[in-house]
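The structure under discussion appears below in the form of structure tokens.
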Amino acid sequence: MPLLGVNIDHVATLRQARRGSEPDPARAAAEAELGGADVITVHLREDRRHINDDDLRRLKEAVEVKLNLEMAATAEMVAIACRLKPEMVTLVPEGRQEITTEGGLDIAGQIEPLMEKIARLTDAGILVSVFVDADVFQIEAACTVGAKVCEIHTGPYAHIFNTRGRDCHAPEVAAELARIREASAVIRELGMVFNAGHALNYHNVQPIAALPHVRELHIGHSIVSRAVFTGLREAVREMKARIAVTTEPSEP
């Protein structure tokens with residue numbers, strides 16, 4: 001069964017709607033842990049639109065499971081990570097106008113800069129993951145730059161699932177799952193860990209969770225959205241239960 005990483009960014013998004021002090025991301029992390037979260041994920045954006053530097057400091061002190069810091073591969077962010085020393089950093093692309101991360105990181109287009117930054121993070125004792133599309137070219141580049149983990153971008157799968165009948169046996173959905181499965185095999189062959197995330201929810205997560213050798217699933221918006229109605233602890237428990245009931249789709 002894959003581990004569950006819970007992204008609590010949107011707890012901070014709600015707080016920032018009033019520029020107040022609640023809801024508190026550190027308290028959200030504690031509730032997620034009580035619900036069974038194996039990893040707490042936060043994205044420190046360059047514009048600090050939700051999670052901020054003080055949140056990071058308090059989360060590092062309070063979180064009792066693995067802390068995963070999503071961030072752009074910039075000198076500022078690398079310096080912050082090296083000071084904070086989260087257990088894992090996930091390098092992601094970042095655009096100021098995007099609502100959420102759009103597409104995987106172009107590793108092949110920036111081999112030397114990424115190699116230097118990943119070496120700094122690794123020397124600081126931080127496990128480095130990269131967020132990439134299910135593209136063999138980018139996965140091979142990830143190995144070249146020294147990443148130890150590849151998190152496959154599941155957004156295209158989630159979109160196709162939602163628009164093609166929400167049926168994992170639909171040809172388009174099955175094809176996207178096959179593409180992720182093939183990418184995961186390359187990740188494993190190159191000696192890296194296979195994680196997955198983006199746009200996963202209570203309805204589409206099971207086929208991804210059932211893929212061979214997936215180590216962690218990183219899910220945020222869907223869990224925080226459900227928490228509005230059930231509470232965060234219960235929302236995490238429900239997601240863990242969905243992940244636990246996983247078998248690869250058989251032929252219809």
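Keep in mind that the numbers below use all heavy atoms, side chains included, and drop hydrogens, waters and symmetry copies.
Counting heavy atoms from C-beta on, the side chains of V136 and E140 come closer than 4.5 Å. By the 4.5 Å heavy-atom criterion applied to side chains, H218 and N68 are counted as neighbours. Residues L44 and D53 are in side-chain contact: their nearest non-hydrogen atoms beyond the backbone lie under 4.5 Å apart. Side-chain contact between L121 and V78: present, with at least one pair of heavy atoms (C-beta onward) separated by less than 4.5 Å. Looking at L105 and Q110, their side chains come closer than 4.5 Å, going by heavy atoms from C-beta outward. Side-chain atoms of S184 and V214, non-hydrogen and from C-beta on, never get closer than 4.5 Å to each other. Taking 4.5 Å as the limit, every side-chain heavy atom of M71 sits out of range of all side-chain heavy atoms of V92. A heavy-atom distance below 4.5 Å is found between the side chains of P156 and E176.
Of all heavy-atom pairs between A28 and L232, the closest is O-CD2, 3.2 Å. Minimum interatomic distance between C168 and P207 (heavy atoms only, all atoms of both residues): CB-CG, 3.9 Å. Summarising the geometry of E46 relative to A72, their closest heavy-atom pair is OE1-CB, 4.3 Å, with the distance given to 0.1 Å. In plain terms, the two heavy atoms of L84 and L56 that are nearest each other are CD1-O, 3.8 Å. Nearest heavy atoms, Y157 versus V173: CE1-CG1, 3.9 Å. Between K85 and C82, the shortest heavy-atom contact is NZ-O, 2.8 Å.
The distance from atom CD1 of I126 to atom CD of E87, rounded to the nearest 0.5 Å, is 9.5 Å. The line from CD1 of I8 to CD1 of I51 is 5.0 Å long, rounded to the nearest 0.5 Å. Here the straight-line distance linking atom CZ of R48 with atom CG of D55 works out to 11.0 Å at 0.5 Å rounding. Within the model, atoms CG of L67 and OG1 of T41 stand 8.0 Å from one another, a figure rounded to the nearest 0.5 Å. In this structure, CD1 in I208 is found 13.0 Å from NE2 in H198, a value given to the nearest 0.5 Å. How far CE of M77 is from CG of L69: 8.0 Å, rounded to the nearest 0.5 Å.
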- Message: Show, in sequence, the C-alpha distance, side-chain angles and deciding distance for D47 and R45, and conclude whether the salt bridge (charged side-chain N to carboxylate O under 4.0 Å, His left out) test is met.
- Response: CA-CA 5 Å; D47 60 8; R45 285 181 171 267; 5.5 Å; no
- Applying salt bridge (charged side-chain N to carboxylate O under 4.0 Å, His left out), run through E172 and R166 and close with a yes or a no. CA-CA 11 Å; E172 299 93 335; R166 298 177 184 176; over 6 Å; no
- Starting from the C-alpha separation in whole Å, work towards a yes-or-no answer on salt bridge (charged side-chain N to carboxylate O under 4.0 Å, His left out) for D24 and R58. CA-CA 10 Å; D24 180 8; R58 293 187 303 112; 2.8 Å; yes
- Task: Evaluate salt bridge (charged side-chain N to carboxylate O under 4.0 Å, His left out) for E182 paired with R179, printing each intermediate quantity in order.
- Result: CA-CA 5 Å; E182 290 162 8; R179 195 166 76 94; over 6 Å; no
- Task: With side-chain contact (heavy atoms from CB on, under 4.5 Å) as the test, would you mind laying out the steps for V89 and L127 before giving the verdict?
- Result: CA-CA 6 Å; V89 156; L127 179 67; over 6 Å; no
- Item | Full working for side-chain contact (heavy atoms from CB on, under 4.5 Å) between D38 and K66 | CA-CA 7 Å; D38 303 291; K66 181 162 71 175; over 6 Å; no
- When you look at E216 and L4, which way does the side-chain contact (heavy atoms from CB on, under 4.5 Å) test go after all the steps? CA-CA 6 Å; E216 296 173 5; L4 174 60; over 6 Å; no
- Query: Between V193 and K148, is a side-chain contact (heavy atoms from CB on, under 4.5 Å) present by the stated rule, with each step listed?
  - Reply: CA-CA 6 Å; V193 171; K148 300 301 182 186; over 6 Å; no
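In this structure, S129 contributes its side chain and C150 its backbone to no donor-acceptor pair below 3.5 Å. For T154 (side chain) and G197 (main-chain N/O), a donor-acceptor pair under 3.5 Å exists by modelled atom type. Checking side-chain atoms of N204 against main-chain N and O of N201 turns up a donor-acceptor pair under 3.5 Å. The backbone N or O of V42 sits nowhere less than 3.5 Å from a side-chain atom of E70 that would complete a donor-acceptor pair. Counting only distance, with no hydrogens or angles, the side chain of Q206 and the backbone of R242 share a donor-acceptor pair below 3.5 Å. Distance alone, capped at 3.5 Å, is enough to place a donor-acceptor pair between the K240 side chain and the G36 backbone.
Summarising the local packing, CD of E61 is surrounded by more than 12 heavy atoms from other residues, nucleotides or ligands at distances under 6.0 Å. Sparse packing is recorded around CZ of R215, with 12 or fewer heavy atoms of other residues, nucleotides or ligands lying under 6.0 Å away. No more than 12 heavy atoms of other residues, nucleotides or ligands sit less than 6.0 Å from atom CZ of R27. Within a 6.0 Å radius of NZ in K60, other residues, nucleotides and ligands contribute more than 12 heavy atoms. For CZ of R57, the number of neighbouring non-hydrogen atoms (other residues, nucleotides, ligands) closer than 6.0 Å is greater than 12.
Taking hydrophobic clusters as Ile, Leu, Val, Met, Phe, Trp and Tyr residues chained together by side-chain heavy-atom distances below 4.5 Å, M1 shares a cluster with I180. Residues L217 and F194 are members of one and the same hydrophobic cluster, defined by side-chain heavy-atom contacts under 4.5 angstrom among Ile, Leu, Val, Met, Phe, Trp and Tyr. When the side chains of ILVMFWY residues are joined at heavy-atom separations under 4.5 Å, either directly or via intervening members, M192 and V39 end up in two distinct hydrophobic clusters. Hydrophobic clustering keeps L114 apart from V149 (ILVMFWY residues linked when any side-chain heavy atoms are closer than 4.5 Å, directly or through intermediates). By the criterion of side-chain heavy atoms lying less than 4.5 angstrom apart, applied directly or through intervening Ile, Leu, Val, Met, Phe, Trp or Tyr residues, V128 is grouped together with I152 in one hydrophobic cluster.
If you run side-chain hydrogen bond (donor to acceptor under 3.5 Å, both in side chains) between T13 and each of Q16, H10, R15, only H10 comes through.
When only modelled atom types and interatomic distance are considered, E151 and N195 share no side-chain donor-acceptor pair under 3.5 Å. No hydrogens or angles considered: a donor-acceptor pair under 3.5 Å links the side chains of D133 and H153.
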